[in-house]
Novice: 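Just passing along the structure, written as C-alpha cells.
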Number of protein chains: 2
Amino acid sequence: MPEPFAVLADPARRRILDLLRERPRLVGELTEAVGLSQPGTSKHLRVLREAGLVTVRPEAQRRWYELRPEPLAEIDAWLTPYRWMWADRFDALERHLDSMEDE
Amino acid sequence: MPEPFAVLADPARRRILDLLRERPRLVGELTEAVGLSQPGTSKHLRVLREAGLVTVRPEAQRRWYELRPEPLAEIDAWLTPYRWMWADRFDALERHLDSMEDE
DNA sequence: TAGCTATATAACTGCAACAGCATGTACAGC
DNA sequence: GCTGTACATGCTGTTGCAGTTATATAGCTA
C-alpha cells in the first residue's frame, strides 16, 4: 500500500480524485478530462486503487471508478499540528489561545 | 517554486518539517535526526527552501533552519472539500447538514 | 462466430529524483 | 595564515516514474 503523500504528488491523480468527488466516472471520461492516453489514465487509476483511494465497480466492459477518501485522513492528520500556523497573525494567536482553553 | 505536494512526497522532508515545528534547528541536528548524510540533508533542505517551506538564518558558519508553514495552506485547501467525507457516517451526515445551513 | 467497445497490461523510452562520495566555501580560533 | 568546524555544491550511478505505442482481455452485438 503506497503512501498517500506520494500518490498525491502527481497532479493528474489529484485531478482524477477531484473529478470523482462529484460522481463515479468511467475510464473514458477520466481519460478525456486529464488529457492523457487511455493507458496512462489506467496506470494512474491502478496507483490510486492500490493506495485505497478509489474503488472499481465493473459493469459489463465498463469500469465505474468511485472515490474512497479514507486514506486522505492520513494527510489531514499530518497537517493538523500545522494548521493553526498559517492564518494571519491575529487569527493564529486567536486559535492558539482557543486551543489552550481546552487544556 | 516546486509544488508542496511533490515536496512532501518524501518522508525525510516531512520528518524535517516535523522537527522544525518544535523549534529552529541546525543542519547537524537535522542530519542526525533523519539518519541521512549531511549532504543528503542539505539537499532536502534546499528543496524545502525552494518551496518556501523553510527559511534560513545564518549565524557564523551555522545555519538555523526555521519552519515557514504558509505553503502548506495549498494542501489544506485542496483537502478541504474532502474533509467531511471520511468521518464516520453519523459525523459525515452531521457536518454535511451543518454546511447546508450556511446556504 | 466475427467484429466492436472498453479497459488493462506489457514493453520501451526519457527523465527527474535520490543517495553516496568528494570537494568547495565560509567563518572562528589560535 | 593555518586548522577545524559547519554547511553547500558538484558529480556519478542507479532507480523509479510518467508517458508513449502495441497488444491482450473481456463483454456486447449482430
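Nothing here was measured: the structure is a model prediction, and the numbers come from that model. In the text below, chain A, chain B and the rest are named by the order of the sequence lines, each starting its count at 1.
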Novice: Of A:L36 and B:R49, whose nearest nucleotide on DNA chain D comes first from the 5' end?
Specialist: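 On the 5' side of the pair lies B:R49.
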
Novice: Give the rounded distance in Å between these two atoms: CG of A:L48 and C1' of C:dA8.
Specialist: 15 Å

Novice: Please determine if a side-chain N or O atom of A:S37 lies less than 4.0 Å away from the OP1 or OP2 oxygen of D:dT20.
Specialist: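 Indeed, a polar side-chain atom of A:S37 lies that close.
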
Novice: How close or far is atom C1' of D:dG19 from atom CZ of A:R13, stated in whole angstroms?
Specialist: 13 Å

Novice: Looking at B:Q38 and D:dA8, is any side-chain donor or acceptor paired with a base atom of the opposite kind under 3.5 Å?
Specialist: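 Yes.
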
Novice: Kindly give the heavy-atom pair with the smallest separation between B:P2 and B:E50, and that separation in Å.
Specialist: CD-O, 3.3 Å

Novice: Any chance you could measure A:H44, atom NE2, to A:T31, atom OG1, to the nearest 0.5 Å?
Specialist: 10.5 Å

Novice: Could you report the tightest heavy-atom contact between B:L72 and A:W78, atom names first, then the distance?
Specialist: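 Here B:L72 and A:W78 meet closest at CD2-CZ3, 4.1 Å.
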
Novice: Return the value, rounded to whole Å, for the distance between atom CZ of B:F5 and atom C1' of D:dA18.
Specialist: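 Result: 19 Å.
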
Novice: Considering non-hydrogen atoms only, spot the tightest contact between B:A33 and B:L19 and give its length.
Specialist: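 Closest pair (atom of B:A33, atom of B:L19, distance): CB-CD1, 3.4 Å.
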
Novice: Between B:R15 and B:D18 (salt bridge meaning N to carboxylate O under 4.0 Å), is one present in this structure?
Specialist: no

Novice: What is the distance, rounded to the nearest whole Å, between atom CG of A:L45 and atom P of C:dA6?
Specialist: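 Result: 16 Å.
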
Novice: Does A:L26 reach a base, just sugar-phosphate, or nothing at all? Heavy atoms under 4.0 Å.
Specialist: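 Sugar-phosphate, backbone atoms only, no base.
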
Novice: Side-chain contact, heavy-atom cut-off 4.5 Å: B:L45 with B:V56?
Specialist: no

Novice: Does A:H44 have a side-chain nitrogen or oxygen under 4.0 Å from the phosphate oxygens OP1 or OP2 of D:dC17?
Specialist: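 Result: no.
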
Novice: In this structure, how many angstroms lie between the C1' atom of C:dA16 and the CG atom of B:D10, rounded?
Specialist: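 It is 14 Å, rounded to the nearest whole Å.
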
Novice: Between atom CZ in B:R25 and atom P in D:dA6, what is the gap in whole Å?
Specialist: 17 Å

Novice: State whether A:R46 places a side-chain N or O below 4.0 Å from either non-bridging phosphate oxygen (OP1 or OP2) of C:dT7.
Specialist: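 No.
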
Novice: Tell me which residues in residues 54-71 of chain B put a heavy atom below 4.0 Å from DNA chain D, sorted by number, or none.
Specialist: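 Hits under 4.0 Å, by residue number: B:Q61, B:R62, B:R63, B:Y65.
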
Novice: What is the distance from atom CG of B:L8 to atom CG of B:L53, rounded to the nearest 0.5 Å?
Specialist: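 If we round to the nearest 0.5 Å, B:L8:CG and B:L53:CG are 6.5 Å apart.
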
Novice: Tell me: CD of B:E50 to C1' of D:dT9, nearest whole Å?
Specialist: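 Going from CD in B:E50 over to C1' in D:dT9 covers 12 Å.
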
Novice: Rounding to a whole Å, what distance do you find between A:K43:NZ and C:dA8:P?
Specialist: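 Computing the A:K43:NZ to C:dA8:P distance gives 13 Å.
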
Novice: Under 4.0 Å, heavy atoms only, any strand: does B:G40 hit a base, just the sugar-phosphate, or nothing?
Specialist: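 Since no nucleic acid heavy atom lies under 4.0 Å of B:G40, the category is nothing.
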
